[in-house]
Amino acid sequence: MADYLPHTDAEVATMLEFLGLASTEQLFAVVPEALKVQAGLELAAGQSEPDVFARMESLAEQNLARADRMVCFAGGGAYDHEVPSVVRALGGRSEFMTAYTPYQPEVAQGVLQAVFEFQTMAARLAGLPVANASLYDGASALVEGVNLGVAASGRPTVWVSGGVHPHQRAVLATFAKGTGHELVEVPLEDGVTRWPSDGGQPGVIVAAYPNYLGCLEDLGAVRALADQHGAIMVVAADPVSAGIVRSAGDWGADVVVGEGQAFGTPLGFGGPYLGLFACTLAQVRRLPGRLVGETVDTEGTRAYVTTLRAREQDIRREKATSNVCTNQTLMAVVAAIQLGWLGTRGLAEVARRCALGAHYCHDALVALDGVEPLTPGASFVREFAIRTPIPARTASERLAEEGFLAGLVLADLTGEGGDGSVSADGAEHGLLVAVTERRTRTQIDAFVGALDKAVR
Amino acid sequence: MADYLPHTDAEVATMLEFLGLASTEQLFAVVPEALKVQAGLELAAGQSEPDVFARMESLAEQNLARADRMVCFAGGGAYDHEVPSVVRALGGRSEFMTAYTPYQPEVAQGVLQAVFEFQTMAARLAGLPVANASLYDGASALVEGVNLGVAASGRPTVWVSGGVHPHQRAVLATFAKGTGHELVEVPLEDGVTRWPSDGGQPGVIVAAYPNYLGCLEDLGAVRALADQHGAIMVVAADPVSAGIVRSAGDWGADVVVGEGQAFGTPLGFGGPYLGLFACTLAQVRRLPGRLVGETVDTEGTRAYVTTLRAREQDIRREKATSNVCTNQTLMAVVAAIQLGWLGTRGLAEVARRCALGAHYCHDALVALDGVEPLTPGASFVREFAIRTPIPARTASERLAEEGFLAGLVLADLTGEGGDGSVSADGAEHGLLVAVTERRTRTQIDAFVGALDKAVR
Amino acid sequence: MSETRSDVIPRAAAGGRATSAPIMGRAAEPTIFELSESGRSSYQLRTTGIPERSLADLIPGDHLRPEAPPLAEVSERDLVAHFTRLSARQFSVDLGAYPLGSCTMKYNPKVCDAVAGLAGLAQVHPGAPAHLVQGWLEILVDLEAALCEITGMAAATLQPAAGAAGELTGLLLMRAWHDANGEQRRRVIIPDSAHGTNPASVTLGGYEVTTVPSDERGCVDMAALRSVLDTDVAGIMLTNPNTLGLFEEDIAEVAEAVHEVGGLLYYDGANLNAILGVVRPGDMGFDIVHMNLHKTFATPHGGGGPGAGPVAVSERLVDFLPGPKPARLDDESGDRFGWITPPRSIGRVHGWHGNALVLARALTYIEVHGADGLRRVAERAVLNANWIRRRLAGSFDVAYDRPCMHEVVFSASALRKDEGIKALDVAKRLLEEGFHSPTVYFPLIVDEALMIEPTETESPQTLEALADALERIVAEARSGDHSATEAPRTTPVRRVDEARAARTLVPTFDARGD
Amino acid sequence: MSETRSDVIPRAAAGGRATSAPIMGRAAEPTIFELSESGRSSYQLRTTGIPERSLADLIPGDHLRPEAPPLAEVSERDLVAHFTRLSARQFSVDLGAYPLGSCTMKYNPKVCDAVAGLAGLAQVHPGAPAHLVQGWLEILVDLEAALCEITGMAAATLQPAAGAAGELTGLLLMRAWHDANGEQRRRVIIPDSAHGTNPASVTLGGYEVTTVPSDERGCVDMAALRSVLDTDVAGIMLTNPNTLGLFEEDIAEVAEAVHEVGGLLYYDGANLNAILGVVRPGDMGFDIVHMNLHKTFATPHGGGGPGAGPVAVSERLVDFLPGPKPARLDDESGDRFGWITPPRSIGRVHGWHGNALVLARALTYIEVHGADGLRRVAERAVLNANWIRRRLAGSFDVAYDRPCMHEVVFSASALRKDEGIKALDVAKRLLEEGFHSPTVYFPLIVDEALMIEPTETESPQTLEALADALERIVAEARSGDHSATEAPRTTPVRRVDEARAARTLVPTFDARGD
Ligand SMILES: Cc1ncc(COP(=O)(O)O)c(C=O)c1O
Ligand SMILES: Cc1ncc(COP(=O)(O)O)c(C=O)c1O
């Protein structure tokens, strides 16, 4: 019998008496007897905190794929970046953790200002003037970006580069069944999108930068294509790479979305992560989710508040720009802290180190007998794909035994048959390798050596 | 090159200029050249935080005696009690961690009130009306208690029970060289103090309750002895046992000291711990260390402040009751939180479970062939000593290989030859076993089985 | 003085000055951009030993940006001070009662944070092969089972990241079901008391909203419902207890009627905490249920998220659930857990597997409480709400004069009419009394709504103090003291100008006029 | 209203009411005893499976207490709210600048907390055999070596738990040394500027204090020193830079003079941060040095502790150090580290091995900074202090008109004389400006002392703001506005009545009158 309920038995009795009730059961008098749970839920009885914690600890021990015990070359949208103690300490402050959505701004300036700062940073990285207060993850941000694009262009046809992360394309496809958007997947060739020169009139064009295979795409061509079709250009951009490569906004994107996990959020088996969303001022009234704006209080003191609320579901209901209510505010606050810690030079340095490490690793891997680049000629920052002579899944299993999380097997992302991004052979033999600033030369050398052995 | 210094080079230059200095070196112009460090300290250059953290992590991994990986039956003044997440979360709040001594009470009500609450709880457990804001650890509290006793009685002769923890007796002896107190150690017999019926006139009599071998001493006899000699009665009492046994104050102690580690502070290889100190109102002006009192502010609002400051070194200097300045406030705050979490029933329940577990373990151990109680007939709460047929050190080593921190080898505490508490044989074959509320029957049964094997 | 004045006069703001910490003063906190000074930094990265090369050798020039994107440049000390002060400017459950109706701001056990912080959970890559993440899979499988038992459903997806995502997932399941039956239905029915996410989700699910009014008892008007039910109706979305805190007594009848025309019943589980162990959506006849784990199972809201919105379904919808799904494998020899994709899966609704660390917290909460504890949660939540309802019946109108479940909706419309004191004024005035405000102006169908959800973790003493405070506010207004319109006066900022924020949009530091 | 009034009116205070959180209001926070309600609880213990027995069967009746000792009975929710609110009523370095002279309130890197939180350090039993704690021993051995290099000494003990404990340890070493030489010396010399712990420690060390005055330059008066030096002098205790923030330039001469009469020199290392990598106590001629790791090496002060006060000694005192001491073993085959006891050890000065987790923090701090970083620490600390000194020279008298080291002592005596505004008023008024107050009335030899130690982690912008604030306070007073005597007006409580606290002693909740 464990719980967190304060009431003593005597208090419960007095309260029931005040209500004129003879028993707790009577609180539920309104519930039809026939519907009630009769013998109690078939769940174990409550266990004490230390007992449950011990069980969770033992389950945690059964997870071998820990970035603190295995050397992590896995990426594919989730990266093992440095998160310093200071960011964890600040992000863990209970005022941030246990607050609700800032509905009463007078007592929520902490979260509001932190989110305002996050929005500023997210907008700067996107190269656009407005960013929202977060969406669920990169995938949900992409869906919302496409929704905005269709609404803005008035045309439901969406051209989606095969370089968009396969999971994100999958999520897009799932939700398109509701919205009715017509998704046209544009395949890659040698790792970059081969945009059609004609055929159809897209309302939205979606590219990734770099794409999920790590390759930097020509966004100038995307902008031209969008202009040609009067389409909205949506880019799923990696915000870490933005430390050294041109921002998608600078390339002309109307909407920039992205996965913000890299900014202080742990790998966490895939969530909670952080959906980034930025757009042009022209689209601000179509912005999904929350937006914090600066204003003043009645005494003229600077203050922050959620604004343009009329876009939101609680006011506009079925006409809202999005159905999002609870978002990922805590992760946005953490991202603001992490980006504050990194600072201008730190983010650029992280991106630079990723690039150095990734190229160092790439060059050593493709120098191995039988190992080839999967996207020869393409430029990359933190991540690249190789072709292993044996099935990548086998290689990955062998490397795990040596203590390496080898990278992601492409078939696990695209399905066995490949897709618009890789062929069936590419899927089977493709390994997506990510190198963050946390990987040392010693680790990379050991990894390359182990992979060499594993693929023989 | 790593540090936490904010100054940019430009700022340093401007500041130097403001001071009319040409270089940083000139800031130290007043230091005689001949004395200066010439080539820099012979320490490694600064390393980045993640590098240093990685090293500390690897050193931590080299400690095998972890209560989270080995099953801990070691006690002897440091215990593996439950510390719930909630206590760690609250005690870790940076306002508590990064404050200084509450010299400005207007902005230090947090620490002051928490310490006031701690004092109340510590006093209640001691069964005395006043407790201070903490001393370094149980040993330093004992030293201060004896100092108070000598000052109050005006007589430097101190009778110290051999049941006082050997380390604490050692610390007492070290400091007695400065104060000139004459320490007379009174040996144990069958685990309890055999107080002399005559001989000398002690100003202070010191007993432990339970003593370090776990045995409950007859404090009534100590009080009678103290009355007989007009001596101050000082008791080193275990504050956890106080959940079920009579408080030392209730037995008539003038001063109650103790080690408060058990209240929310991790084992931490011996520190920081928490020195508990309580005394009668008659002695309050001799109290060592800080004391928080309740008062009001200029508007009559309830407030807290450190009080009776005239006892303290910063005011009374060489005539102060003690030299203590920095103490263990954070641990006192943590203890208040932990005791708040335990509450009246929780502390009693912890003590009760310790007693149940210790007796269960004891009975099973002494039922083993060749294993005997070291203090037959004595009553105990959480800890007891057994005699192992082989040297206890060997037994302990073998048990460590089976994953048990077996308990403390008495020879490690008393020296090979034993002392007033145990004989040479008792020291060699004695194992001090502690059982906290965290030990399960399964663990105890396994331990007993392993010990049975180990001593063959 | 001026002669000694330095010219160090800083461009940046003073990071060590704490006038914005409420313990010291009421000034505004500078933004991190104002604290920034070029050349300063906090970050420290590990030594890698990787040979240096020029970026220009690695990445084509047209991709490289000429300058680093500007963020802020602050010392670690200033970073800490800034965000610590911001935290001090934020109210939270850990400071006091937060009786926001519908939002369920209960105390969140700290042990859940500790679980989410375990390296064996937090440091696990989501793309790792199944045999390396057996612990995680077991957690997810156990949570799914527990949620199904609690809701009375057959299977669940843990992917949706929040309640609204769950709703949309549920609507897509509804659509997939009708599609599979070869039916093209166009409408989803929603009561007028519904939360805004429901209609918004319906639109995104490709349906049209048909609103049914509530009757005078605050429940779905059965006659009105019947009048809009036909074979064009894909389903109905209900919250039960509904957003008025009232139990829809006719739920069996509703279910029968909707099922009769071939529609499905969707349960918005935001209020599930009221009925834990008492009655189950599945037993009421629902086909699809989303849960807000961040409400019912006490995973902290994080200032607006993250949450988690698993969706459980009845037997007939199991094959449509999103995938891949964690599953216990029968295969005796190999891994105990793996991934399966339901045969007619609607596909992924999350980039990975859902908000996993939130899910682990929820399982911890459920296991500590167990069957008995969860039932007590419901009992105490309902007890507290009814106590408040009865206690304040003399101060405010209750929107519906009948026993409530876990929350109660009052109306300040009389107060507004008589004294000009709006629900908003009451809310702001309550801040001065040391309580977070209730939800105001929701549900929309109650004029000047004040919606109080005390939750089960608040003590009778706290309820009494809250009730006293609200009584005091009403009495004060009724006595002609209308200063509530100036409230709050004790908070770091006074009433905030929301209109100006929308009029002169400043969504980033860079958009600032000055 | 009264007719609906319940009789639940609680005995306990309302734990969920946050009027005492400065973000909400300025009320007093009830004590945990007032929040207590009999029958409530928070604790949860693990299931042990140990058979139940009656306590009366285990423990004799005369030892058993009839009732549990009363503590408090609160829910976990109220526990959290109470201590979270208390924390909100507490200023800390993490909120802003804390320029307390002598106390060295610098920013403490969070990485040190993370190190101290590692289970492999925090969960280790201090009595475990050496082969099971090799990591800990290596940390202690490395720290000892680093501290010896920093101070220029031969060996150190890490046992003392704080500076004062280090002082007493040092004095006992002094005594042991003289004893070993068959000498009975009775006096220890201390400058009048010394910290109170020095004379208090001297007494506990069994010596008499001989005070030497400071000269007009704020340093030990050489002539006065010589006049008290004789063979009865066991040694001298000095802080250098001294508590006036001034470097004792004649230190070599002092050392020679003291050594000449056979005395030892003790270095109070509270101000070591000023000279890191610049000059070493050992090189100045000191024989014994204590360090306040919690000041120099940034281990947080914890509201008054814990600290750590290792004592390092020159070669000739090595054999006297407390033991057992962690040591690197030569023995190639077995453990790399073990315990040794110096041959003529004075014995233990701590129950175990010292404040180990504090020591691990300090080593982390030292390793991150390294030789270069530690030197920069000293440079910036001294730069900041001199900047403040110069900048405020027009507002306050500087006690000694010469460059200072890491801190500076001003005097408000003119302000007091002219305007009746005391150092205390300035201190309280500064709180309103968002800064913690400097140290006041210490050192005792400066009238109306205000002792500012900015520390190296504060930025020039912060110094500027601090100086502006102090200038403003002085200007305000000089303009005839004496409201500083009413300060602080923005803090949770106003000026606290210290006299009453001593007069009517209420040291526990139980001693309360009401
Ligand atoms: C009744 C109701 N339904 C749905 C939601 C949406 O849930 P979420 O915020 O998790 O998306 C809420 C949230 O406030 C709610 O109260
Ligand atoms: C100059 C000086 N010496 C000694 C001490 C005593 O150190 P501790 O407080 O660590 O005992 C202090 C502490 O304030 C100090 O400033």
Side-chain angles (χ1 to χ4, degrees), chain B residues 1-21 44-57 60-61 68 82-99 102 104-112 264 337-338 341, chain C residues 3-16 18-19 21-25 35-49 73-81 83-85 87-88 92 94-95 107-119 300 361 364 368:
Chain B
M1 213 197 94
D3 62 37
Y4 300 87
L5 305 173
H7 308 67
T8 65
D9 291 346
E11 287 173 341
V12 171
T14 316
M15 291 174 82
L16 286 172
E17 198 190 325
F18 176 61
L19 296 175
L21 300 178
Q47 300 161 65
S48 77
E49 248 191 45
D51 290 341
V52 174
F53 189 70
R55 173 164 187 245
M56 292 295 161
E57 270 187 313
E61 278 302 312
D68 61 329
E82 197 68 64
V83 186
S85 328
V86 65
V87 171
R88 270 178 280 126
L90 293 171
R93 285 190 61 82
S94 67
E95 292 86 342
F96 294 138
M97 295 264 294
T98 75
Q104 298 294 338
E106 294 82 4
V107 292
Q109 290 297 303
V111 164
L112 285 162
I337 301 169
Q338 172 87 2
W341 174 74
Chain C
E3 63 278 61
T4 65
R5 189 130 215 142
S6 75
D7 53 356
V8 186
I9 301 293
R11 278 166 308 225
T19 35
I23 189 182
M24 305 297 268
L35 293 170
S36 174
E37 177 67 28
S38 169
R40 205 164 275 171
S41 74
S42 300
Y43 75 98
Q44 298 186 31
L45 303 176
R46 68 188 53 208
T47 309
T48 63
E73 298 180 73
V74 299
S75 66
E76 185 168 313
R77 187 271 175 284
D78 284 355
L79 184 79
V80 166
F83 285 104
T84 304
R85 290 194 298 261
S87 76
S92 64
D94 277 13
L95 281 172
Y107 169 66
N108 293 261
K110 297 294 169 200
V111 69
C112 300
D113 298 349
V115 166
L118 287 170
R361 288 170 190 273
T364 304
V368 169

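Residue numbering restarts at 1 for every chain, and letters A, B, ... go by the order of the sequence lines. Computation of the quantities below employed the complete heavy-atom set of this structure, encompassing side-chain atoms and omitting hydrogens, waters and symmetry-equivalent molecules. Nothing here was measured: the structure is a model prediction, and the numbers come from that model.
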Mind listing the closest non-hydrogen atom pair of [X] and [Y] along with its distance?
| X | Y | answer |
| --- | --- | --- |
| Val107(B) | Ile23(C) | O-CD1, 3.9 Å |
| Arg46(C) | Asp51(B) | CB-OD1, 3.2 Å |
| Gly39(C) | Thr8(B) | C-CG2, 3.7 Å |
| Thr84(C) | Ser94(B) | CG2-OG, 4.2 Å |
| Asp3(B) | Gln44(C) | O-NE2, 3.6 Å |

Is it the side chain or the backbone of Arg77(C) that comes within 4.5 Å of chain B heavy atoms, both, or neither? neither

How long is the gap from CG on Leu5(B) to CZ on Arg40(C), to the nearest 0.5 Å? 11.0 Å

dist Glu49(B):CD -> Ser42(C):OG (nearest 0.5 Å) comes out at 9.5 Å

What part of [X] gets within 4.5 angstrom of chain C, counting heavy atoms only: side chain, backbone, both, or neither?
| X | value |
| --- | --- |
| Glu106(B) | neither |
| Pro84(B) | neither |
| Asp9(B) | neither |

Non-hydrogen side-chain atoms of Ser48(B) and Leu45(C) separated by less than 4.5 Å: no

